[in-house]
Amino acid sequence: MTSYLRSWLYSGTSAAEPAPPTVSTLLTISPPASDEDDGEDTETERDNDLPPAFPSLNSAQRVQSSRIPSILTDSQLMPPPPMPSLAVRQPGVSTARGNSLAVPPTTTKPPLKPSKKSGKVALAPGHSPLDWAALKASGTDLRGVDSLMRIPPSVLKQHRKRDDAWSAFNGKVYNITAYLPFHPGGEKELMRVAGRDGTKLFAETHAWVNLDFMLDSCLVGFLIPEPPDSS
């Protein structure tokens, strides 16, 4: 009887107590092995997504830059700049240097008077460089000789008049009679070389002029040394 009551008491107590809550179990689903490997590779590639080294690690530029620079000697070093004149000046002593505060000599001397001589003269109408080119192309005989000659200085000296002027330039003799009124410097300047070799004067005044092209239609011969006297 006692055992029956004890079992009935315990069974009533257990029925009155609430049952403990049931906790649902979370299931973890793992991805396939192939997908997991791909994910790890992707994360690794993102972590290594860095710019490449420049220059590359095995390049010649990086090898040269990694060398230890040599120490220059005193003779190889750049000399220091000169000291400014204000740092070494002495009170009461004037210096003749260009950076002084003295008036430059160009402002103390009177300006030079302009020269009356002009490099060019006013040519007569119809005597421009274009007119000279047209005269050469017209076929007019500007030489005055039938064939080219060997001309010694004694023969060249005989042609020094305005109506018969010859001159030699660079070993070639030209009849400059027709070119006298076309000369930009005037007839008087060109007559200075009439009857003689004008190579030196031509080089000093306008060596840039193409003389061979300008006087090609006036060529009469070539300058030769004076032959020895046969007597």
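Along the sequence shown, residues carry numbers from 1.
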Exercise. Which value, rounded to the nearest 0.5 Å, describes the distance between Trp132 atom CH2 and Met214 atom CE?
Worked result: 8.5 Å
For this session: For the pair His206 and His183, name the ring-plane relationship: parallel under 30°, tilted 30 to 60°, perpendicular over 60°.
Result: perpendicular
For this session: With side-chain contact (heavy atoms from CB on, under 4.5 Å) as the test, would you mind laying out the steps for Ile151 and Phe222 before giving the verdict?
Result: CA-CA 6 Å; Ile151 304 172; Phe222 302 92; over 6 Å; no
Exercise. Is the backbone N or O of Ala194 less than 3.5 Å from a side-chain atom of Ser167, with the two atoms forming a donor-acceptor pair by type?
Worked result: no
For this session: Using the salt bridge (charged side-chain N to carboxylate O under 4.0 Å, His left out) rule, collect all pairs that involve residues 147-161, keeping only residues at least two apart or in two chains.
Result: none
For this session: Flag the pair Thr140 / Leu135 as yes when at least one side-chain heavy-atom distance between them is below 4.5 Å, and no otherwise.
Result: yes
For this session: Step through the shown structure and confirm whether more than 12 heavy atoms of other residues, nucleotides or ligands are within 6.0 Å of CG on Asp146.
Result: no
Problem set entry | Interatomic spacing from CG in Leu219 to CG in Asp212 - rounded to 0.5 Å | 8.5 Å
Problem set entry | Pro225 side chain near Pro152 side chain, heavy-atom distance below 4.5 Å | no
For this session: Check the pair Asp131 / Phe182 against side-chain contact (heavy atoms from CB on, under 4.5 Å), numbers first and verdict last.
Result: CA-CA 8 Å; Asp131 295 327; Phe182 292 88; 4.0 Å; yes
Exercise. Is the NZ or CZ atom of Lys136 both under 6.0 Å from the centre of the six-membered ring of Phe213 and within 45° of that ring's axis?
Worked result: yes
Problem set entry | CA sep, side-chain torsions, deciding dist, call: Ile176, Leu215, side-chain contact (heavy atoms from CB on, under 4.5 Å) | CA-CA 8 Å; Ile176 60 176; Leu215 298 178; 4.3 Å; yes
Exercise. Do Lys172 and Leu223 touch side chain to side chain, with heavy atoms closer than 4.5 Å?
Worked result: no
Exercise. Less than 4.5 Å apart, any side-chain heavy atom of Asn175 and any of Leu142?
Worked result: no
Problem set entry | Heavy-atom closest contact (Leu148 atom, Arg143 atom, distance) | CD2-NE, 4.4 Å
Exercise. Are Tyr179 and Phe202 grouped together when hydrophobic residues (ILVMFWY) are joined by side-chain heavy atoms under 4.5 angstrom apart?
Worked result: yes
Exercise. If every non-hydrogen atom of Thr205 is compared with every non-hydrogen atom of Leu201, which pair is closest and at what distance?
Worked result: OG1-O, 2.9 Å
Problem set entry | Val193 and Phe169: CA distance, side-chain angles, deciding distance, side-chain contact (heavy atoms from CB on, under 4.5 Å) verdict | CA-CA 9 Å; Val193 296; Phe169 301 98; 3.9 Å; yes
Exercise. Are Val220 and Tyr174 connected in the hydrophobic side-chain network, where two residues link if heavy atoms are under 4.5 Å apart?
Worked result: no
Exercise. If every non-hydrogen atom of Thr177 is compared with every non-hydrogen atom of Arg162, which pair is closest and at what distance?
Worked result: CG2-O, 3.4 Å
Problem set entry | Shortest non-hydrogen contact from Met191 toward Ala165 | SD-CB, 4.2 Å
Exercise. Restricting to pairs with a member in residues 149-168, which pass ring-ring contact (aromatic ring centres under 6.0 Å, His included), not counting sequence neighbours?
Worked result: His159-Trp166
